[in-house]
2 protein chains.
Amino acid sequence: MNTSDRPGGTDADGLLAEQLLRLTRRLHRIQKRHLEPVGITPAQSRLLRTVAHFGEPPRMADLAARLEVVPRAVTSLVDGLEAGDRVRRVPDPSNRRVVRIELTDAGRATLRELRSARRAAAEDILAPLTVEQREVLEGLLSALVDPGPERGC
Amino acid sequence: MNTSDRPGGTDADGLLAEQLLRLTRRLHRIQKRHLEPVGITPAQSRLLRTVAHFGEPPRMADLAARLEVVPRAVTSLVDGLEAGDRVRRVPDPSNRRVVRIELTDAGRATLRELRSARRAAAEDILAPLTVEQREVLEGLLSALVDPGPERGC
DNA sequence: TCGGAGGTGTTCATACGGGAACAATATCAG
DNA sequence: CTGATATTGTTCCCGTATGAACACCTCCGA
């Protein structure tokens with residue numbers, strides 16, 4: 001008898017979580033290697049890209065929301081990037097609580113370097129999959145990640 | 001001309017990595033919540049299960065290999081579990097370098113509590129997927145994680 | 001106007017992982 | 001037997017993320 005359609009907690013679910021963890025660690029290692037020559041860390045790279053994708057200099061809270069992390073995490077990342085002169089903390093004149101994050105020229109230069117590094121890293125980890133498989137995988141992950149905040153919390 | 005079969009580095013690959021990260025963070029949060037009443041952390045839970053799956057008390061290096069982490073990571077986890085009396089470090093008489101990790105009775109009890117918690121956590125994160133989709137997902141992740149030792153380095 | 005509710009960012013402690021350096025032990029070559 | 005080498009586990013430092021406590025600022029209602 002197989003529980004072929006309804007979810008129900010097969011033992012394989014634990015395995016799935018396991019593989020997810022392993023894979024993410026691998027991804028992190030690979031990204032780290034590829035980003036080393038650029039001089040930033042994977043999370044900083046994500047942050048930098050996120051800053052660039054905003055039209056206007058985003059606030060810390062904007063970045064936290066976009067990256068789906070707590071604001072605390074953003075602070076450290078901005079600290080690191082600011083130390084390397086890739087972003088700048090700019091006070092918001094209209095609300096003295098908020099800090100806006102601006103790209104510097106060096107930051108924009110880093111972004112250009114990043115493109116190929118990110119490509120290579122992604123290719124590195126996704127190598128075993130065909131493009132079709134990647135699309136399927138992305139669909140499944142989207143279903144898991146998006147599903148909206150209707151989950152009791 | 002679509003690159004419909006060969007990989008080639010579409011921009012979606014970066015998105016895929018992104019979703020993977022998000023999902024894993026979510027998984028970690030969920031596991032943490034479910035394991036709180038048991039009194040251990042997600043990584044400790046993984047370690048405990050791994051210890052149990054060995055026939056004989058494994059060495060630190062065995063655990064590191066099985067979990068695919070560096071030995072350094074195992075040290076901390078064992079520290080935590082030992083502080084809670086769930087495992088015991090036992091010197092190996094035949095080789096004074098190695099430490100063997102034994103489950104205690106409390107550890108075995110914790111393992112029983114863990115089963116339902118892990119189920120619930122997995123179900124929590126996988127809820128949006130049917131069993132078929134989970135199987136597909138697991139297949140894809142396996143292909144990415146396993147991919148065999150033909151990887152350079 | 002003033003006083004509290006609530007937003008905004010940052011410090012503190014903790015969990016988890018990786019890399020490098022290191023001490024102790026084992027093993028093997030001469 | 002002795003000295004080089006390899007294995008095993010551990011300490012040190014860092015990257016990444018969370019949660020709690022906190023300081024500051026805004027803004028609304030009395």
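Lettering follows sequence order; numbering is per chain, from 1. Values reported hereafter were calculated over all heavy atoms of this structure, with side chains retained and with hydrogens, waters and symmetry mates removed.
Residue contacts for B:R46: at a heavy-atom cut-off of 4.0 Å it reaches the sugar-phosphate backbone alone, with no base atom in range. Within 4.0 Å of B:R89, counting heavy atoms only, lie sugar-phosphate atoms of the nucleic acid but no base atom. No contact: A:R100 has no heavy atom under 4.0 Å from any strand. Counting any heavy atom pair closer than 4.0 Å across all strands shown, A:R72 reaches a base atom. Using a 4.0 Å heavy-atom distance criterion, A:V70 is classed as a base contact.
With salt bridges taken as basic N to acidic carboxylate O contacts below 4.0 Å, none links B:R25 and A:E68. A salt bridge between A:R46 and B:E18 is present, with a side-chain N of the basic residue lying under 4.0 Å from a carboxylate O of the acidic one.
To the nearest angstrom, P of D:dA17 lies 17 Å from CD1 of B:I30. Protein atom CG of A:D79 is 11 Å distant from nucleotide atom P of D:dG15, rounded to whole Å. Between A:L81 atom CG and D:dT16 atom P the separation is 9 Å, expressed in whole Å. Note: CD (A:Q31) to P (D:dC14) measures 22 Å, nearest angstrom. Taking atom CZ of residue A:R25 and atom P of nucleotide C:dC16, one finds them 12 Å apart after rounding to whole Å. Rounded to an integer number of Å, the gap from CD of B:E18 to P of D:dT16 is 13 Å. Residue B:L48 contributes atom CG, which lies 13 Å from atom P of C:dC16 at whole-angstrom precision. Atom CD in B:Q44 sits about 10 Å away from atom C1' in C:dC16, given to the nearest Å.
The side chain of B:L77 sits closest to C:dC16 out of C:dT8, D:dG9, C:dC16. Checking C:dC16, D:dT18, D:dG9 against every side-chain atom of B:K32, the shortest atom distance belongs to D:dT18. For A:A73, the listed nucleotide lying nearest its side chain is D:dA17; candidates were D:dG9, D:dA17, D:dC25.
With hydrogens and angles left out, the side chain of B:R97 and the base of D:dT7 share a donor-acceptor pair within 3.5 Å.
Contact annotation: B:T41 side-chain N/O to C:dC16 OP1/OP2 distance is under 4.0 Å. The side chain of B:T75 contributes no N or O atom lying less than 4.0 Å from OP1 or OP2 of D:dG9. Applying the 4.0 Å criterion to OP1 and OP2 of D:dA17, one finds that B:R29 has every side-chain N and O outside that range.
Using a 4.5 Å heavy-atom threshold, the side chains of B:V136 and B:L129 count as separate.
Map B:A61 and A:S76 each onto its nearest nucleotide of DNA chain D; the residue landing nearer the 5' end is B:A61. Residue-to-nucleotide proximity on DNA chain C shows that, of A:H28 and A:V74, the 5′-proximal contact is made by A:V74. Between A:V69 and A:R96, it is A:V69 whose nearest contact on DNA chain D lies nearer the 5' terminus.
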Test side chain to side chain donor-acceptor pair (under 3.5 Å) applied to B:S45 and B:R49, step by step
CA-CA 6 Å; B:S45 154; B:R49 283 174 58 86; 5.7 Å; no
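For B:S116 and B:R112, the side-chain atoms include no donor-acceptor pair closer than 3.5 Å.
With B:P42 as the fixed residue, the side-chain contact (heavy atoms from CB on, under 4.5 Å) test singles out one of B:K32, B:R29, B:R118: B:K32.
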